[in-house]
Amino acid sequence: SYAEEFPEEVNAIGATITQMTEELREVDHPESIFLADYYDAFGNAITSQFPMEHEELWKLVDQKWMKVSGRMQPIHPMESYVDPNGLLVEPDLALSFRVDRAEAASINELTEVTKGNMIGYLSDKYNDKESLQTSVGPMQASIAGVFVSQLAGRRLDFRPAGQNIPNRSDVRIKDGVKIFLDSEAIHQRWLVQREILIKMFGEDVVKEQFDSEPDLIKFAAGIHVAGHEVAHNAFVQEDTRDLIGAGQYAQIEEHKADTTIIAAAPEWLELNEQKTFLKAIFAGEVRSLSLKHDDSRKPYYNSAVFIINNMIEAGMVFLDKQGWHYDDGDAKLATFFKNIRNVMTTELVPVYDERDPEKAKAYIEKNFKLSYILEEHFERDLFLSSLKK
């Protein structure tokens with residue numbers, strides 16, 4: 001435990017938390033008691049030197065945290081991007097404040113529309129699935145919005161654009177989740193994505209097809225990222241992760257969240273909005289492809305392989321003598337969405353509904369396999385252009 005390995009530092013943290021909770025309990029504010037209870041649980045967990053107690057201690061931290069409902073939200077260590085078994089608690093802290101001004105206000109509004117419409121689509125389409133019936137409550141109970149954060153620990157190295165926490169299925173099902181959207185991180189990622197797109201398609205194409213989309217960032221945050229985070233709860237039951245297998249669940253879950261919002265979005269988006277939505281997604285997936293050799297990003301890479309494979313198959317992304325092209329013509333767009341929905345219904349939902357590890361294995365082997373064009377041409381050109389720079 002950290003308390004055993006770094007006793008001086010962790011004891012200092014524990015002392016600070018104890019002093020803070022004592023002061024919080026004297027503050028006359030309805031939120032102070034919930035913050036005090038939360039920090040008490042957090043202090044007990046971080047200072048414990050008995051690993052066999054840690055699961056219950058950290059679970060209690062999650063439960064107390066879900067009762068903190070104010071505009072200010074602390075975020076404690078809850079997930080690891082480098083541990084597929086989910087047993088590692090990394091030093092990871094943030095103090096986040098909900099933003100309701102300017103761009104954030106429109107993203108927050110769009111987030112609520114996305115959540116409601118996506119739940120409606122899933123309920124109509126998969127109402128006969130027990131796994132969906134179990135997960136509708138947690139999806140509806142999710143609280144989502146744009147937050148600005150003071151960061152420390154692990155997230156100084158990896159800053160998530162969206163975070164859907166806590167991760168314990170039993171806590172999610174009983175208490176719901178909180179979804180944090182970081183619009184600043186989304187803006188920063190777009191700058192990186194734009195540079196990668198320029199390498200693949202050229203400055204003129206990016207200016208014409210991507211820069212001309214005034215709602216690109218808004219759709220990326222309020223539809224894709226928000227829908228993705230809400231969709232993490234879809235089709236998940238308390239034993240899903242254990243039955244599918246922790247390693248396989250880690251490989252497939254980010255992809256499931258992406259696929260769910262992609263399948264649902266055409267139900268309420270107009271044609272031009274669908275095109276903006278997919279451009280935002282495509283830019284993000286190309287970035288994920290470029291991180292192929294970062295093991296911590298493997299789940300996102302898997303999803304990128306699936307999405308771009310399907311874009312290539314639908315003719316939306318293709319190569320000719322002039323180079324790479326992105327074509328979201330109406331017919332190609334319709335083909336892409338039809339194929340995504342078909343895979344979700346016939347292959348992906350059964351994996352979660354039946355919680356069958358063999359089906360999960362077969363799904364991963366089939367749908368995360370690079371097509372010839374993606375592997376031998378698109379990825380090669382992507383990495384070669386990076387080396388030239």
Side-chain angles (χ1 to χ4, degrees), residues 1-81 83 86-101 104 141-160 162-168 170-172 174-182 184-185:
S1 68
Y2 291 119
E4 290 177 288
E5 190 68 21
F6 308 103
E8 184 178 347
E9 292 85 350
V10 173
N11 286 337
I13 293 170
T16 300
I17 291 174
T18 298
Q19 179 182 349
M20 181 172 64
T21 55
E22 290 174 354
E23 295 176 1
L24 274 170
R25 294 190 188 282
E26 297 177 1
V27 175
D28 184 18
H29 189 281
E31 192 69 16
S32 63
I33 189 67
F34 296 113
L35 283 167
D37 288 347
Y38 160 71
Y39 276 113
D40 268 341
F42 179 45
N44 290 336
I46 198 71
T47 58
S48 168
Q49 295 188 5
F50 304 101
M52 293 302 292
E53 298 178 354
H54 285 180
E55 174 55 28
E56 288 304 313
L57 288 173
W58 285 105
K59 180 179 177 179
L60 182 61
V61 176
D62 286 354
Q63 291 170 328
K64 296 294 185 182
W65 180 70
M66 284 305 300
K67 296 184 183 298
V68 177
S69 59
R71 177 171 172 258
M72 183 184 75
Q73 289 286 324
I75 302 179
H76 58 275
M78 275 184 258
E79 57 189 336
S80 169
Y81 292 93
D83 177 19
L87 300 174
L88 177 65
V89 175
E90 296 179 311
D92 179 26
L93 296 167
L95 191 61
S96 299
F97 297 85
R98 185 179 172 94
V99 183
D100 292 303
R101 298 184 301 273
S142 60
I143 302 169
V146 175
F147 287 77
V148 61
S149 302
Q150 294 292 322
L151 311 175
R154 175 70 169 96
R155 64 188 56 223
L156 290 173
D157 182 54
F158 172 63
R159 181 175 178 174
Q163 196 170 20
N164 171 45
I165 41 183
N167 282 332
R168 289 176 174 82
D170 53 346
V171 178
R172 287 172 179 258
K174 181 179 178 182
D175 301 309
V177 297
K178 299 174 186 178
I179 296 171
F180 297 83
L181 305 179
D182 186 336
E184 179 59 27

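No donor-acceptor pair closer than 3.5 Å links the side chain of E55 to the backbone N or O of M52. For the pair E90 (side chain) and P77 (backbone), a donor-acceptor distance under 3.5 Å is absent. The backbone N or O of W65 sits less than 3.5 Å from a side-chain atom of K178, completing a donor-acceptor pair. Not a single donor-acceptor pair under 3.5 Å links the side chain of S96 to the backbone N or O of F147. Side chain of T21 to main chain of I17: a donor-acceptor pair is present (N/O by atom type, distance under 3.5 Å, no hydrogens or angles). Side chain of R98 to main chain of A144: a donor-acceptor pair is present (N/O by atom type, distance under 3.5 Å, no hydrogens or angles).
In this structure, OG on S48 lies 12.0 Å from CD on E56, to the nearest 0.5 angstrom. Atom CD of E31 is separated from atom CZ of R71 by 12.5 Å, given to the nearest 0.5 angstrom. N164 CG to L181 CG: the interatomic distance, rounded to the nearest 0.5 Å, is 10.0 Å. With rounding to the nearest 0.5 Å, the separation of CD1 in I75 from CD1 in I165 is 4.5 Å.
Looking only at side-chain heavy atoms (C-beta outward), E9 and Y2 stay at 4.5 Å or farther from each other. Taking the side chain as every heavy atom from C-beta outward, K59 and V171 approach each other to under 4.5 Å. Contact of the F42 side chain with the P74 side chain is not registered, since no non-hydrogen atoms from C-beta on lie closer than 4.5 Å. Contact annotation: the side chain of T18 approaches that of E22 to within less than 4.5 Å [non-hydrogen atoms, C-beta and beyond]. Side-chain contact check for L57 versus F50: every heavy-atom pair is 4.5 Å or farther apart.
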Next on the checklist: Could you go through D62 and H76, starting from their C-alpha distance and side-chain angles, then the distance that decides it, and tell me whether this counts as side-chain contact (heavy atoms from CB on, under 4.5 Å)?
Outcome noted: CA-CA 9 Å; D62 286 354; H76 58 275; 2.8 Å; yes

Item to check | side-chain contact (heavy atoms from CB on, under 4.5 Å) assessment of R25 paired with S32 | outcome: CA-CA 6 Å; R25 294 190 188 282; S32 63; over 6 Å; no

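Between A45 and V61, the closest heavy-atom pair is CB-CG2, 3.8 Å. Considering all non-hydrogen atoms of both residues, V68 and L35 come closest at CG1-CD2, 3.8 Å. Here the closest non-hydrogen pair linking R172 and N167 is NH2-OD1, 3.1 Å. Taking every heavy atom of both residues into account, A3 and T47 meet most closely at CB-O, 3.4 Å. Residues G176 and A141 approach most closely at CA-CB, 4.0 Å, considering heavy atoms. Closest non-hydrogen pair, L151 versus S149, comes out as CD2-CB, 3.5 Å.
For F34, the CZ atom is loosely surrounded, since the number of other residues' heavy atoms within 6.0 Å does not exceed 12.
Evaluated for a salt bridge (Lys or Arg N to Asp or Glu O under 4.0 Å) with D92, the options R155, R154, R159 yield exactly one hit, R155.
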